[in-house]
Amino acid sequence: HRLFGYTPEQVAGKSHDELLNHISTDINFDTMVEIIALKGKYTFDFHVQRADGTPIVVESTQSFMNDEKGNPYFIIGISHDITDRVAAEKILKESEANLKAIFQSTSQSFMLMDTDTRIIAFNENASKTIQSFYHIQLKKGDDFKQFVLPDRYEKFAHHFKEVMNRKI
């Protein structure tokens, strides 16, 4: 009752189905029961409005509880508010889409590396540049150090260390 903002009196005597049917149209209980019967448990997300009208996103895991003979007797579930996580994931996806658009639309070559100089992402221009100079197909996970000329390696290592130490 606390998750959805209802008082104990408002939920007393109501089944889980009655409560969730009242506050959400995302849930198909027949499908949920079929999946639980097949898999043993079911985790799903749904959108609801709390009693005060605040919209939230809830993740719920449901399982059958069996009687003494091993037959399904009732469904028990654990639900929690994941609204903040869903919002953060949306922002992250939008940021990734923006970064990808910038990466792909520039005429410059861009590569994103991890702290071990492994390439995480690159744009098409970077791929074409590596292909034309080294005759190698650039791929995620490549070590960028292999593309540094021997006479420039010391300078690269120095600058990389400064970047990692946030001096530049």
Side-chain angles (χ1 to χ4, degrees), residues 1-106 108-127 137-145 160 163-166:
H1 68 87
R2 283 181 275 175
L3 177 64
F4 302 114
Y6 291 93
T7 66
E9 295 76 30
Q10 289 173 306
V11 299
K14 290 194 166 96
S15 71
H16 187 259
D17 294 5
E18 286 178 288
L19 290 170
L20 293 182
N21 276 330
H22 173 70
I23 59 178
S24 177
T25 57
D26 290 358
I27 304 164
N28 180 320
F29 286 98
D30 293 334
T31 302
M32 181 181 76
V33 170
E34 288 175 21
I35 293 170
I36 296 169
L38 288 172
K39 295 185 176 186
K41 74 176 182 177
Y42 180 50
T43 300
F44 61 102
D45 301 346
F46 57 96
H47 295 79
V48 297
Q49 283 193 349
R50 292 176 43 92
D52 65 3
T54 305
I56 62 172
V57 182
V58 174
E59 179 181 79
S60 186
T61 300
Q62 307 286 320
S63 301
F64 277 121
M65 293 301 290
N66 297 332
D67 63 16
E68 62 279 348
K69 295 179 183 175
N71 297 317
Y73 187 61
F74 63 91
I75 295 175
I76 187 168
I78 298 172
S79 300
H80 58 278
D81 183 348
I82 61 167
T83 306
D84 291 342
R85 182 181 87 198
V86 170
E89 288 171 353
K90 181 180 179 190
I91 290 168
L92 181 60
K93 284 179 185 175
E94 289 170 357
S95 295
E96 288 173 349
N98 289 337
L99 180 60
K100 185 175 182 180
I102 292 167
F103 254 46
Q104 297 304 334
S105 65
T106 184
Q108 300 296 311
S109 294
F110 278 103
M111 286 185 226
L112 183 61
M113 294 182 279
D114 67 13
T115 58
D116 295 321
T117 71
R118 296 270 174 216
I119 298 171
I120 298 170
F122 54 89
N123 67 358
E124 188 175 331
N125 287 335
S127 180
Q137 183 64 44
L138 185 62
K139 58 189 179 306
K140 288 181 183 180
D142 281 348
D143 190 338
F144 180 77
K145 288 183 249 180
F160 190 78
V163 168
M164 296 309 299
N165 291 329
R166 298 180 191 261

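Counting from 1, the numbers follow the sequence of the chain as shown.
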Quick one: [atom1] on [X] to [atom2] on [Y], what's the gap to the nearest 0.5 Å?
| X | Y | atom1 | atom2 | answer |
| --- | --- | --- | --- | --- |
| Asn98 | Lys100 | CG | NZ | 12.5 Å |
| Gln108 | Phe103 | CD | CZ | 12.5 Å |
| Phe122 | Met113 | CZ | CE | 13.5 Å |
| Ser63 | Ile76 | OG | CD1 | 8.0 Å |

>> If I compare all heavy atoms of Gln10 with all of Gly5, which pair ends up nearest, and what's the gap?
In response: OE1-O, 4.5 Å

Flag, side chain of [X] to backbone of [Y], donor-acceptor distance under 3.5 Å:
| X | Y | result |
| --- | --- | --- |
| Asn125 | Phe110 | no |
| Arg50 | Ile56 | no |
| Thr106 | Ile102 | no |

Are [X] and [Y] side-chain neighbours, meaning at least one heavy-atom pair lies under 4.5 Å?
| X | Y | answer |
| --- | --- | --- |
| Gln62 | Ser79 | yes |
| Phe4 | Gln49 | no |
| Ile119 | Leu112 | no |

>> Test: side chain to side chain donor-acceptor pair (under 3.5 Å). Region: residues 110-123. Which pairs qualify, not counting sequence neighbours?
In response: Thr117-Asp143

Extract all donor-acceptor atom pairs below 3.5 Å that involve side chains of residues 36-44 and protein atoms in other chains or at least two apart in sequence.
unit_1 : atom_1 : unit_2 : atom_2 : d
Thr43  : OG1    : Thr61  : OG1    : 2.9

>> Restricting to salt bridge (charged side-chain N to carboxylate O under 4.0 Å, His left out), what partner residues turn up for Lys139, sequence neighbours left out?
In response: Asp142

> Can you name the side chain to side chain donor-acceptor pair (under 3.5 Å) partners of Asp52, sequence neighbours left out?
Replying inline: Thr54

> In chain order, what residues pass the side chain to side chain donor-acceptor pair (under 3.5 Å) check against Ser109, with sequence neighbours excluded?
Replying inline: Thr129

>> If you apply the rule side-chain contact (heavy atoms from CB on, under 4.5 Å), what do you find for Asp45 with Val58, and how did you get there?
In response: CA-CA 5 Å; Asp45 301 346; Val58 174; over 6 Å; no

> Sequence neighbours excluded, which residues qualify as ring-ring contact (aromatic ring centres under 6.0 Å, His included) partners of Phe144?
Replying inline: Phe156

>> Applying ring-ring contact (aromatic ring centres under 6.0 Å, His included), can you list everything that pairs with Phe64, at least two apart in sequence or on another chain?
In response: none

>> Asn66 vs Asn71, test: side-chain contact (heavy atoms from CB on, under 4.5 Å). Steps then yes/no.
In response: CA-CA 5 Å; Asn66 297 332; Asn71 297 317; 6.0 Å; no

> Given the rule in the side-chain contact (heavy atoms from CB on, under 4.5 Å) test, do Ser60 and His80 qualify, once you have shown the distances and angles that lead to the verdict?
Replying inline: CA-CA 7 Å; Ser60 186; His80 58 278; over 6 Å; no

Show me, pair by pair, the donor-acceptor contacts under 3.5 angstrom made by side chains of residues 84-95, not counting sequence neighbours?
unit_1 : atom_1 : unit_2 : atom_2 : d
Arg85  : NH2    : Glu59  : OE2    : 3.3
Ser95  : OG     : Ile91  : O      : 3.0

> What salt bridge (charged side-chain N to carboxylate O under 4.0 Å, His left out) pairs are there with at least one residue in residues 65-81, not counting sequence neighbours?
Replying inline: none

